[in-house]
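Throughout, protein chains are lettered first and strands after them, A, B, ... in sequence-line order, and every chain is numbered starting at 1.
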There are 4 protein chains.
Amino acid sequence: MIRAIIFGATGYTGLELIRILSCHPEVSIIGGSSRTWANKRASEVLSYLPQSKDFPLVFIDELINGAEADVAFLALPHGDSASVARRLLDNGIKVIDLSADFRLKDLATYESWYGKHKDPDLLGGAVYGLPEIHRLEIKKAELVANPGCYPSTVILGIAPIVNLPEFELKSIIADSKSGVSGAGRGAKLNTSFCEAGEGFKPYGVIGHRHIPEMEQELSLMGATNIKVRFTPHLIPVSRGMVSTIYVKTRPGTLPEMVREAFRTFYKDEAFVRVLAGNEFPDTVKVRGSNFAHISLEIDARTDYTVIMVAIDNLVKGASGCAVQNMNIMFDLEETLALTALALFP
Amino acid sequence: MIRAIIFGATGYTGLELIRILSCHPEVSIIGGSSRTWANKRASEVLSYLPQSKDFPLVFIDELINGAEADVAFLALPHGDSASVARRLLDNGIKVIDLSADFRLKDLATYESWYGKHKDPDLLGGAVYGLPEIHRLEIKKAELVANPGCYPSTVILGIAPIVNLPEFELKSIIADSKSGVSGAGRGAKLNTSFCEAGEGFKPYGVIGHRHIPEMEQELSLMGATNIKVRFTPHLIPVSRGMVSTIYVKTRPGTLPEMVREAFRTFYKDEAFVRVLAGNEFPDTVKVRGSNFAHISLEIDARTDYTVIMVAIDNLVKGASGCAVQNMNIMFDLEETLALTALALFP
Amino acid sequence: MIRAIIFGATGYTGLELIRILSCHPEVSIIGGSSRTWANKRASEVLSYLPQSKDFPLVFIDELINGAEADVAFLALPHGDSASVARRLLDNGIKVIDLSADFRLKDLATYESWYGKHKDPDLLGGAVYGLPEIHRLEIKKAELVANPGCYPSTVILGIAPIVNLPEFELKSIIADSKSGVSGAGRGAKLNTSFCEAGEGFKPYGVIGHRHIPEMEQELSLMGATNIKVRFTPHLIPVSRGMVSTIYVKTRPGTLPEMVREAFRTFYKDEAFVRVLAGNEFPDTVKVRGSNFAHISLEIDARTDYTVIMVAIDNLVKGASGCAVQNMNIMFDLEETLALTALALFP
Amino acid sequence: MIRAIIFGATGYTGLELIRILSCHPEVSIIGGSSRTWANKRASEVLSYLPQSKDFPLVFIDELINGAEADVAFLALPHGDSASVARRLLDNGIKVIDLSADFRLKDLATYESWYGKHKDPDLLGGAVYGLPEIHRLEIKKAELVANPGCYPSTVILGIAPIVNLPEFELKSIIADSKSGVSGAGRGAKLNTSFCEAGEGFKPYGVIGHRHIPEMEQELSLMGATNIKVRFTPHLIPVSRGMVSTIYVKTRPGTLPEMVREAFRTFYKDEAFVRVLAGNEFPDTVKVRGSNFAHISLEIDARTDYTVIMVAIDNLVKGASGCAVQNMNIMFDLEETLALTALALFP
């Protein structure tokens, strides 16, 4: 049995790890950290957690010191993960970090978007944990940087065509929409029901911090000097994310040919489904599941390819992907605990 | 491997059976009926169904004739189940019916609420499939009448006190609220997004057909001549149901004592959680799970006990309960495929 | 032109006063208080406020001292209104208080539910501002205590039958459901989108502070020793409130006769609509309007009358009623600025 | 008093005309057509319509024949308006058509997107009714073609920069999101609560019929050979629309300079608000109002200008704009009945 600990267990990505791991046949959660609910049992805080899955909540330091764990999930705010990762690694615990702290390879890039890094020496050894792209490296990693939700959609949507000559990739537009859980669990006016419910709005239109991550990964695949024009919006749902991506395309390119390229690229992937023509991804069809649904159309009037990617931001966009990474790191079946169908309706 | 067939596979309770059974280690769905999508593969209709879980959709008659099945789930409109049950039973297929056709023991009562019954001879042999109440009979049943969603909440909420002298049960008020999926999948103006979303309304205030079912079951437990005053309302969510139940109570009755009676009554139940004082059930904490959350308070000012029960109307209120019944009927672990935690948030 | 000032202008009831008064032909808002946005113009904070309706936001003390106003609306937290009312009244400003501070006549009752009162001498002179019940007193009042949203629904629902012998009023059950805006604008976890959206839950099941207000008003009308068993719930919508009220009824009472009593009682009321039989109130049909929709049915099986009342909690349940009171106090047409139809869909 | 008739009075744009006109001091609705509810009074169908605003519902032909009206609003499906417009015009009734039938100047273009036109001779005399662009022509028009909701956002968002050399307009991307009411009131599976609520999805990705309308109008302003790459999406709200528009921009262009161009362009417009930098439009801030909120940012990393436009699709995107057109056509104050603030929250 793999013993897992979760830092930030009562935030939304922490809760989602608990949800997914509670059905994992090879994993037992032995502890979690929670600033708000330290020194309680998890089942006291989470009315839906059965006692057979219970574990203690403590403060971060206590969790680091006490744990006889095999794997640690860091569901902490950006910046905090970098403070705890080394101590865990030194204890022989594999680390899967859901923050942005170890996603960027280049320290200067990191610091220009996020500020001073707390443990830059770890950057080199971290593996970017998008299994569809970096599976082999993840297998050998001790420290995995779990991708951001928005970058997951954009990278999965572009990866199959990065090296196809039909597409002009230096200028990609990604118009993305996220459910409110992406903003975290802290109480804030702009994510309160009355402000975020029954409405729709863009936010962070210039300089969202997920941009360098998208550009890094697409560049590594060969799209040199790529720039992504990225606009996030807030959807009035708890979960769900759609990115609508626009790529300039050579006239005459046929959609079915490109769909076939997608199908080939993802043919061995358990969690990516390429939809048929005139079928579009819908967040309720991936809600609660680890699937990414991708569809594309080519607009012959304007020579744009429109690629649409839907995921559940908390599953494939965060905790589901983290468990997928864990399965890979521990040589388990990659789909363990991740085969639940979408909760539709 | 138990071979299952689903009649009405593409309605909401049918879809929910597919969702739950797709994770069941001992069951394989070998066919389903769908008037709208007959002669397609299920995965063509349900973009989230992986091919490994695929099965053909056909018309009802074809499904009856062709099936070499062990169990049939009838997720058909009221009245239609009674037309197909006998032919399945005759073929040695166990039947779990999610309609109202076999829930009432008394033919006259049935016909006064629903009209002429199509196969009244089967009424006597059917078992009312609320496992917490009728587990032993379900174990031996060939035909199980799966409870209605509203009755499940009211019966679970009242059963522990049916024989306690502190409660005056002849007049119970059940003020219930249901998510929109309870109305089924047919397109109707009153359940369209713009009419049912962003709003809240009572409906069917007099004479809702779930009433005789509640009264039958509570009477069988000993609450003689019980009458339930029942008011359903529509909540603008897909899934979720709360019943707030009022029972006149002897002055001086202490809530913790009654909570203890509930805990004792449900102590061996995997899917009922009795909440602590001042904790209230919340539909998002049972969404997608087979749990019922129950809490109660006693209002000493008015001598009413307020019992609150939350379930997911499609799971514990329909398809989850049906799978629980199947597990019992086939001598499987009762919780198989039903241990997923709530999808919160 | 009546000069109005609004204390607590940027909370939800304050914003709603601005929305309604901005269309009032006889009123000009000349100032508001806002702790968060003091020293800004209102239009800087409210992107939808045109400059022609702009006014300055200041701190409370500055608003009290500087105002040459005719009327002050107090949209402040409970307790705070009592600190400012006297100074305004002393300056000859009529006061309409939307908090609970002046709703209860009896100091002991007030203090047992709310704690120490800050200016008890004002209690005697305050008028409970439900126009349908106290119009004549409101006309002469200097200090009006605007009703709570829940009490408005219960009082409007019971008033027409308070003195009818068919009803047993000593024990009323009010099962009420409110949109999230009723909880105010402060950021709180339990009203954040991800916790309150897509769900439904009871709260404050024992001892909600709106109870004494209901009982006081119904008792004053003649329902001696009345007790209300009151359960509030949270609906996942911004606005809207439904109370479903149960009253034990003499066997044989006919619903159409009772409906007629309601129609007679409200025949001169501009904002109360008694629905026909088998028509039920729906919050989207009163959203944004000052209307109360009332329907009732009698359940001959259980001898309960079910009275259903729907309002927009921010309009008829708060700021719309406050403007209605202002119109009465200033001898204006009572419906001025309040005739907008519901925003449906 | 202007006598108005509404064809298609009980669809969503018809209902919205009733809502707005019921507060119009110079207009009286004297009749409406409704296939579903013909031969009823409007107040029987609309529980929120006061009797003082009541009018009869009849079939279309009866409304054409009987009406002594000054203005007719056609809130009919595409194709149906063209069948009735001429008869109304011949009777001296001014016509405001909310369908697409008279929006396109070029018959061939119309027929390639919509099929055969039923009265092509009327095309030439119709005026495209976007007041901010065509006010003077609207003033003299007998037949106004009210703009589509999506085109309104795109045209308002692009018009101020059509002739600025900093922008490369031949290839515009408009990523648009609409509330569900845009799909009309007919009951359909894909707009039912359980399918469209709690989710988000693109639709009609290739060849949406609002495209030629956008291109026609922008071309007329000078953007020759413009093509719009347009993607609509469905938001789980009743009302609200945001278009996020991407335009390639000359390096070094400063956002504040462009904002100033927008402010200048719209300086006399009552219903367009240009937001400040880092302020973004939000559908709840225009809900129920006739305002368009516009903001823009320039992304210096990618040289794209991002223009965001929010409206209420039923008001500024349909019926509010229609009333604005009527005010202009009848020489009334343009803002009459349209000054209500947004219903926030």
Side-chain angles (χ1 to χ4, degrees), chain B residues 170-173 175 177-179 192-207 211 215 227-231 233-242 244 246 248 255 277-278 280-287 295-304 306 308 310 344-345, chain C residues 170-173 175 177-179 192-207 211 215 227-231 233-242 244 246 248 255 277-278 280-287 295-304 306 308 310 344-345:
Chain B
K170 70 176 193 294
S171 168
I172 291 171
I173 291 175
D175 190 284
K177 301 89 179 174
S178 173
S192 71
F193 184 89
C194 291
E195 312 273 325
E198 305 178 1
F200 181 84
K201 57 188 173 193
Y203 70 95
V205 172
I206 297 294
I211 294 170
E215 294 181 352
K227 291 268 184 247
V228 180
R229 165 58 229 155
F230 171 67
T231 316
H233 303 74
L234 202 61
I235 323 171
V237 301
S238 288
R239 293 161 175 259
M241 173 170 284
V242 168
T244 310
Y246 300 89
K248 200 76 193 169
N278 212 27
F280 306 116
D282 182 350
T283 64
V284 293
K285 304 289 173 59
V286 295
R287 175 162 63 174
S295 77
L296 67 90
E297 302 289 341
I298 298 182
D299 183 4
R301 294 177 67 257
T302 61
D303 294 319
Y304 271 109
V306 187
M308 293 149 280
F344 169 76
Chain C
K170 71 176 193 293
S171 168
I172 292 171
I173 290 175
D175 190 283
K177 301 87 177 174
S178 173
S192 71
F193 183 88
C194 290
E195 313 271 326
E198 304 177 4
F200 181 84
K201 57 187 172 192
Y203 70 95
V205 172
I206 297 295
I211 295 170
E215 295 182 351
K227 291 269 184 244
V228 181
R229 166 57 230 153
F230 171 68
T231 316
H233 303 74
L234 202 61
I235 322 170
V237 300
S238 288
R239 293 163 175 259
M241 174 170 285
V242 167
T244 310
Y246 300 89
K248 200 76 193 167
N278 211 25
F280 304 117
D282 182 349
T283 64
V284 293
K285 304 289 173 59
V286 295
R287 175 162 65 172
S295 77
L296 67 90
E297 301 291 340
I298 298 181
D299 183 4
R301 294 178 68 258
T302 60
D303 295 319
Y304 271 108
V306 186
M308 294 148 280
F344 169 76

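- Partners of C/Lys201 by side-chain contact (heavy atoms from CB on, under 4.5 Å), not counting sequence neighbours, listed by chain and number: B/Asp282, C/Asn190, C/Leu234.
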### Task
Please lay out, stage by stage, how B/Val284 and C/Glu195 fare under the test side chain to side chain contact (heavy atoms under 4.5 Å, CB included).
CA-CA 8 Å; B/Val284 293; C/Glu195 313 271 326; over 6 Å; no
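- For the pair C/Thr283 (side chain) and B/Phe200 (backbone), a donor-acceptor distance under 3.5 Å is present.
- Heavy atoms closer than 4.5 Å to chain B are found in the side chain of C/Tyr246, but not in its backbone.
- Between chain B and the residues C/Thr302, C/Val205, C/Ile211, the largest count of heavy-atom pairs under 4.5 Å involves C/Val205.
- Residue B/Val286: no heavy atom, backbone or side chain, is found under 4.5 Å from chain C.
- A salt bridge links B/Arg287 to C/Glu198: one of the charged nitrogens lies within less than 4.0 Å of a carboxylate oxygen.
- Smallest separation of non-hydrogen atoms from C/Tyr304 and B/Ser171: CE1-OG, 3.3 Å.
- Heavy-atom pairs under 4.5 Å with chain B peak, among C/Lys285, C/Arg239, C/Lys227, at C/Lys227.
- Interface remark: C/Lys248 contributes side-chain atoms only to the contact with chain B (heavy atom separation under 4.5 Å).
- Note that CD1 of B/Ile206 and CZ of C/Arg301 are 9.5 Å apart. Values are rounded to the nearest 0.5 Å.
- Using a 4.5 Å cut-off between heavy atoms, C/Val242 contacts chain B through its side chain alone, with no backbone atom that close.
- When side chains are defined from C-beta on, B/Val237 counts as touching C/Pro236, because their heavy atoms get closer than 4.5 Å.
- Here the straight-line distance linking atom CD1 of B/Ile173 with atom OG1 of C/Thr244 works out to 11.0 Å at 0.5 Å rounding.
- For the atom pair CE of B/Met308 and OH of C/Tyr203, the computed distance is 13.5 Å after rounding to the nearest 0.5 Å.
- Of the listed residues (B/Pro202, B/Ala196, B/Cys194), the greatest number of heavy-atom pairs within a distance under 4.5 Å of chain C belongs to B/Pro202.
- Neither the backbone nor the side chain of C/Phe193 has a heavy atom closer than 4.5 Å to any heavy atom of chain B.
- Scanning all heavy atoms of the two residues, the minimum distance from C/Arg229 to B/Asp299 falls at NH1-OD2, 3.0 Å.
- Only the side chain of B/Val306 comes within less than 4.5 Å of a heavy atom in chain C; its backbone stays farther off.
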### Task
Could you check C/Asp175 against B/Lys177 for side chain to side chain contact (heavy atoms under 4.5 Å, CB included), going step by step and ending with a plain yes or no?
CA-CA 11 Å; C/Asp175 190 283; B/Lys177 301 89 179 174; 3.0 Å; yes
